[in-house]
J.: 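Pasting a structure below so you can have a look.
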Amino acid sequence: MFAERVISGMRPTGLLHLGHYHGVLKNWVQLQNEYPCLFFVADYHALTTQYEDPKIIAQASLDMVIDWLAAGVDPEKAILFIQSQVPQHADLNLLLAMMTPLSWLERVPTYKDQIEKLASSGKDLSTYGFLGYPLLMSADILLYRANRVPVGEDQIPHVEFTRELARRFNHLYGKEPDFEQNAQIAIKKLGGKKARLYKELREKFQEQGDKEAVEKAHALLNETQHLSAIDRERLFGYIDGGGKVILAEPEALLTTASKMPGLDGRKMSKSYNNTITLRDSEQEISKKIKAMPTDTQRVRRNDPGNPERCPVWQLHQVYSDDACKKWVCEGCQTAAIGCLDCKQPLIDKILEQQKPMQEKIKIYSQNPNLVHKILADGAQKAEELANQTMRDVRQAMGLVKN
Ligand code: TRP
Ligand code: SF4
């Protein structure tokens, strides 16, 4: 099969906050050490809902990438780019559109909900582009034959849609008319000894259903470096009789919902106006935390409180060590500490975490060319991968001769 690959995109919606940091970015930073990864700014996706007011998209995209870099996403390890700078996304979107049933798009659970929700805010989303949102997302994923897609729960239906589309594509186009002949040619390319072994293993599987033989054959193909990707696919397919897999079916890697509570105890989210952004200054952070509501039953300094009723305690869960948490619990329940005392170690911890990030943000913001260079390199690498897929897709869809 195709190599392991992770892809994920983020819409440029404004400054990133601690919810993004704990929920998404830390996950990306870990994944980049484990798999080849592509992370991109989904600026086309932003246009599907923001087409009337697109002015901020370019700046928001740049700022967002700077926040990624500050959080430790590393361009030496992962490919970072902006969707609209890799034209193959639009190209594949168009080709897939030809074989995407309208009803599949209309049935995506988020579609009608979103239209209704956003209509109340005055947005008219009865556009072709908005209907095609899940298709565009499929193109993003299938373009790189990525098999793992870290996303939040709300995006799972889109990944599922992508799987079905890949299956439909492979079903429609995966059977080459001269598949048998091409497979034979590919076997010859393996060279005498390996070719013989491959044929033996194939027979073992086809006649005796020997699963181990399939695995051995897969290993054989994987270690044969000089085989082109498409020939390798043919030979994978030739064993189990499945034809050729042109597009890989991806799997969602569910990003466990960020436990990050906001300043009011609800989930941290821009729409609740309860965030601390990665760029908040020392003063802003300190002010926001000091203004946090606490246990409402702790009216006076001498009233004992209960951390379970307090959003500040939730933040301690994220940031504080056991000793500090013990100090909070005891101090709160006995009124030995005041709420401002309780908040101070939290302020210190958050500032300590933000400091190195903000230094990086400053450097990149003052040198936007550094970021443009990273993104240009990323787009180029992405294009190289994308072109391999596009060649196979064009061929499969009859636009170029075999
Ligand atoms: N739709 C995703 C979101 O709103 C962003 C996105 C676009 C994406 N293309 C993608 C995520 C491809 C993963 C893979 O969060
Ligand atoms: Fe909340 Fe801490 Fe005040 Fe207790 S002492 S109510 S945990 S802020």
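When a ligand or atom number is given, it counts from 1 through the structure's own listing order. When reading the values below, keep in mind they use all heavy atoms of this one structure, side chains included, and skip hydrogens, waters and symmetry mates. The structure displayed is predicted, hence computed values, not measured ones.
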J.: Which residue holds the protein heavy atom closest to atom 9 (N) of ligand 1, what is that atom called, and what is the gap in Å?
T.: Asp140 OD2, 2.7 Å
J.: Between Tyr144 and His89, does the ring pair (Phe, Tyr, Trp, His ring centres under 6.0 Å) criterion hold? Intermediate values first, please.
T.: CA-CA 10 Å; Tyr144 302 101; His89 286 253; 5.5 Å; yes
J.: Pairs of nitrogen or oxygen atoms closer than 3.5 Å, one from Gln155 and one from ligand 1: do any exist?
T.: yes
J.: Kindly check if the number of other-residue, nucleotide or ligand heavy atoms within 6.0 Å of CD (Gln184) is above 12?
T.: yes
J.: Only counting residues at least two apart or in another chain, list the ones meeting side-chain hydrogen bond (donor to acceptor under 3.5 Å, both in side chains) with Asp124.
T.: Ser126
J.: Measuring only between side-chain heavy atoms, which start at C-beta, is Pro250 closer than 4.5 Å to Val149?
T.: yes
J.: Are any non-hydrogen side-chain atoms of Met99 and Leu165 less than 4.5 angstrom apart?
T.: yes
J.: Number the atoms of ligand 1 from 1 as they appear, then name those within less than 4.0 Å of a heavy atom of Tyr133, with their elements.
T.: 1 (N), 2 (C), 3 (C), 4 (O)
J.: What protein heavy atom is closest to atom 11 (C) of ligand 1, reported as residue, atom name and distance in Å?
T.: Gly9 N, 3.4 Å
J.: Where does Val149 meet ligand 1, judged by heavy-atom distances below 4.0 Å: at the side chain, the backbone, both, or neither?
T.: side chain
J.: Tell me whether the guanidinium CZ or amine NZ of Arg266 lies under 6.0 angstrom from the six-membered ring centre of Tyr272 and within 45° of its axis.
T.: yes
J.: With heavy atoms only and a cut-off of under 4.0 Å, state how Val151 meets ligand 1: side chain, backbone, both or neither.
T.: side chain
J.: If you measure from each non-hydrogen atom of Phe40 to ligand 1, which part falls under 4.0 Å: side chain, backbone, both or neither?
T.: side chain
J.: With 2.8 Å as the threshold, which protein atoms of type N, O or S lie near atom 4 (Fe) of ligand 2? Leave waters out.
T.: Cys332 SG
J.: Where the side chain of Gln354 meets the backbone of Arg279, is there a donor-acceptor pair that is under 3.5 Å apart?
T.: no
J.: Evaluate Ser8 for polar contact with ligand 1, using N/O atom pairs at a separation under 3.5 Å.
T.: no
J.: Quick check with a 6.0 Å cut-off and a 45 degree axis cone: is Arg202 positioned over the face of Tyr238's six-membered ring?
T.: yes
J.: Are any side-chain N or O atoms of Lys343 and backbone N or O atoms of Met292, one a donor and one an acceptor, separated by less than 3.5 Å?
T.: yes
J.: Which part of Gln83 is near ligand 1, with near meaning a heavy atom under 4.0 Å away: side chain, backbone, both or neither?
T.: neither
J.: For a quick check under 3.5 Å, do Ser103 and Glu106 share a side-chain donor-acceptor pair by atom type?
T.: no
